[in-house]
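Written below as structure tokens is the structure these notes are about.
These figures come from a predicted structure and were not determined experimentally. Chain letters run A, B, ... following the sequence lines, proteins first, then strands; residues in each count from 1.
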Amino acid sequence: MFQDIEDNLVAAFGRQLQVRFQLDGPVSLEQPKQSSFGELAVPIAFQLARQLKRPPRQIAEELVRDLKVEGVAAFEIAGNGYVNVRLDRGVYSSRLLESAAANIRPAAAAAKIVVEHTNINPNKAAHIGHLRNAVLGDTFVRMLRARGRNVEVQNYIDNTGVQVADVVVGFHHLEGKSLSQVKALIADPAIRFDYLCWDLYARISAHYKDHPESLAWRAQTLHAVEAGEGEIAELGHLVADSIVNAHINTMLRLGIEYDVLPRESEILHLQFWATAFELLKERGAIYFEEEGKNKGCWVMPGSAFKENQSESEDDSKVIVRSNGTVTYVGKDIAYQLWKFGLLGKDFYYRRWCDYPDGHRLWSTTDGPVTEKTPEFGRAQTVFNVIDSRQSYLQDVVVAGLRALGFDKQAESSVHFSYEMVALSPRTCLEMGIPLSDEDKRKPYVEVSGRKGLGVKADDLIDKLIETALAEVDNRNADKSPAQNQLAAEQIAIGALRYFMLKFTRNSVIAFDFHEALSFQGETGPYVQYAAVRASKILREFQNRWGPLPDFEAALTPAVFADAMQDDGLWQLLLTASKRCSAIEKAISSGEPAHLAKYAFQLAQSFSNFYHEYQVINEANEVRRTVFLWLTDYVRRQLMATLSVLGIPQPSYM
RNA sequence: GGGGGCGUAGCUCAGUUGGAUAGAGCAUCAGCCUUCUAAGCUGAGGGUCACAGGUUCGAUUCCUGUCGCCCCUACCA
């Protein structure tokens with residue numbers, strides 16, 4: 001609704017520009033600093049002032065003379081030349097009532113958007129850094145889908161990489177475990193295999209450090225895993241598949257699902273890389289280095305992806321090593337080409353699992369299967385949710401597309417980057433992690449899988465549930481343990497997802513248990529609480545007085561116009577009506593944090609409302625009806641927003 | 001050395017692409033539960049937007065320089 005008004009205003013001012021000044025140009029709207037200035041402001045006169053060499057105030061007056069826009073009560077000139085827009089509160093409110101009944105969904109666009117996120121190396125349990133990736137990616141997907149975009153979610157599985165190989169080395173060489181022994185470990189319900197691998201990975205990394213000669217194990221193992229044959233390769237698959245399942249379960253706890261798992265093993269076995277390699281050579285995107293430190297490698301020149309156009313060999317990036325094996329970036333170029341349908345090849349797919357909600361998760365596989373499989377890839381736009389430390393590699397991938405002549409796809413490849421999650425020094429101390437004097441002075445300490453230093457995702461979720469459950473039990477002695485457990489889980493998820501979203505992408509999160517476990521202030525549970533209160537008010541009314549009034553009959557524009565003279569009510573209604581606009585803005589700025597902030601502000605606005613006004617006990621019937629409708633409307637908008645944020649709604653707290 | 005990011009209240013962070021009196025949460029202090037759940041609400045204190053120049057009607061925002069912090073700059077991913 002608010003979005004419609006915004007669109008109409010932009011169009012109307014655009015026309016005025018044409019008619020009055022014969023000018024084209026973007027018209028931007030902004031929210032006035034103070035609500036007393038109106039609902040929207042148009043600062044266009046300031047921009048025109050320079051061009052036209054006339055005072056902005058005069059221009060503003062000319063622009064709004066005779067201007068009529070539906071739903072707008074008045075335009076006012078303020079300050080040096082602001083055009084402040086005042087909405088017709090009665091008309092606007094009653095429109096909201098109507099559109100709630102219609103509730104038209106935006107039509108799904110045919111163009112496919114691929115969002116790749118999570119991408120955790122399948123060799124150990126997920127940690128809080130991975131959670132940020134998955135929550136950011138999943139929320140962005142929900143935002144896009146809420147606005148009718150056609151989105152496919154891919155979770156890339158590097159099941160043949162060094163990290164998997166290292167854990168295989170750990171089992172095989174360090175522990176001397178056979179394939180069947182590892183199988184037994186996986187089958188043992190008393191053992192958390194992903195946690196066991198977490199420790200094993202730290203141990204083998206330490207072992208390499210103390211015994212550099214043992215790095216030969218890694219090379220042999222990596223080779224066997226990549227080739228995909230023999231017991232070592234089987235062990236690799238066993239470890240990777242098992243850990244992938246652990247990750248899928250961890251993410252499912254947060255409501256995160258995927259459509260397809262493209263795997264590196266298929267990139268290799270189906271010759272995706274070989275095809276991409278031929279293409280890169282053929283079009284001169286990479287060349288064979290004859291001398292210098294990169295002698296014997298296929299490299300991409302630095303000029304392809306660096307600003308400074310230097311041809312220095314220091315800047316070039318090795319794509320194929322001198323031993324003939326391909327680097328990760330090379331495989332990633334092949335994968336990115338496939339996402340756009342540019343490789344001229346496709347995977348085979350098989351069912352990986354069915355989620356409890358019925359959604360089917362597919363995985364790539366290297367041979368035909370009997371069941372009917374969907375089509376993946378062929379995207380128009382690709383978002384890669386990858387942390388900002390890898391921006392250099394992402395630049396190389398995009399440069400690869402460009403060097404192959406796929407300029408449009410290069411433009412449509414978005415590195416959806418975010419900063420890492422580190423640990424606050426206080427949290428390190430709480431966890432008993434020893435810090436060097438140097439670390440103590442730092443604002444945060446980097447998580448390290450190799451050192452086994454970090455907070456495991458499932459541990460954090462468990463701890464959040466435990467904390468929430470204590471509070472829920474305390475407040476709801478009358479409910480069953482199972483009911484309270486469910487509520488605690490929902491609150492924990494709300495707290496965690498909100499925590500991961502409240503920071504903008506380029507800010508480093510210094511993870512702090514105290515902050516993450518807080519359910520007060522700007523947190524998920526605060527927003528959930530507001531929605532719970534709204535539901536409770538409506539339920540309580542129905543318990544006492546029966547069905548809700550017939551809103552559409554009772555609430556005429558005149559009734560609204562009268563009630564909404566109260567600025568408190570009007571601001572709440574206005575904020576609630578901005579849901580779609582808030583989602584759209586969060587999409588275009590690429591900041592899920594903005595939507596989280598919106599949810600918080602709406603919750604805050606509603607909290608103020610229910611403290612200031614008694615809904616059920618309001619004596620005036622018309623006013624009470626307005627309050628009830630407003631409560632219901634805010635509740636729906638709040639729940640819809642929470643759903644886009646992936647935050648579940650408890651029935652009580 | 002090169003590339004990128006950051007520096008805003010005691011702490012953690014927003015700041016709508018250059019606009020009106022710079023905002024939240026936490027923490028601190030003072031209030032509010034016989035009335036729809038106090039995971040809440042009201043109020044107070046707290047700012048040289050790192051620093052210095054520049055651009056202009058106007059700069060937290062853009063440009064230059066300085067200082068400080070972080071990340072990247074592998075034949076790891």
Under the rule of Watson-Crick or G-U wobble with both distances under 3.5 Å, where | means paired to another strand and [ ] a crossing pair, RNA chain B maps to (((((((..((((.....[...)))).(((((.......))))).....(((((..]....))))))))))))....
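For A:Tyr610 and B:rA38, the shortest distance from a side-chain N or O to OP1 or OP2 is not below 4.0 Å. Contact annotation: A:Arg218 side-chain N/O to B:rA77 OP1/OP2 distance is not under 4.0 Å. Within the 4.0 Å cut-off from OP1 or OP2 of B:rU73, not a single side-chain nitrogen or oxygen of A:Ser391 is found.
What separates CG of A:Asp395 from C1' of B:rU73 is a distance of 12 Å, to the nearest Å. Rounded to whole Å, the distance from OH on A:Tyr529 to P on B:rU37 is 8 Å.
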Per-nucleotide protein contact along nucleotides 21-29 of chain B, 5' to 3', at a 4.0 Å heavy-atom cut-off (B base, S sugar-phosphate only, - neither), is B--SSS---
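A salt bridge links A:Glu264 with A:Lys331; the closest basic N to acidic carboxylate O contact falls under 4.0 Å. Electrostatic pairing of A:Arg389 and A:Glu446 counts as a salt bridge here, judged by a charged N lying under 4.0 Å from a carboxylate O.
Here B:rU17 is in the syn range [glycosidic angle within 90° of 0]. In this structure B:rC33 sits in the syn conformation; its chi angle is within 90° of 0.
Residue contacts for A:Val508: at a heavy-atom cut-off of 4.0 Å it reaches the sugar-phosphate backbone alone, with no base atom in range. Residue contacts shown for A:Phe541 are absent, as no nucleic acid heavy atom lies under 4.0 Å away. Using a 4.0 Å heavy-atom criterion, one finds that A:Phe519 contacts the bases of the nucleic acid, with or without backbone contacts as well.
Distances were taken from every side-chain heavy atom of A:Met420 (C-beta onward) to each of B:rC71, B:rA77, B:rA38; the shortest belongs to B:rC71.
At a cut-off of 3.5 angstrom, the base of B:rC76 holds at least one donor-acceptor pair with the side chain of A:Arg450. Taking 3.5 Å as the limit, the base of B:rA77 and the side chain of A:Asn123 contain no donor-acceptor pair of atoms between them.
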**Message:** Go through it in stages, so that I can follow the logic: the residues are A:Arg86 and A:Glu76, the test is salt bridge (charged side-chain N to carboxylate O under 4.0 Å, His left out), and I'd like the CA-CA distance, side-chain angles, deciding distance and then a yes or no.
**Reply:** CA-CA 8 Å; A:Arg86 286 189 192 281; A:Glu76 288 168 10; 2.6 Å; yes
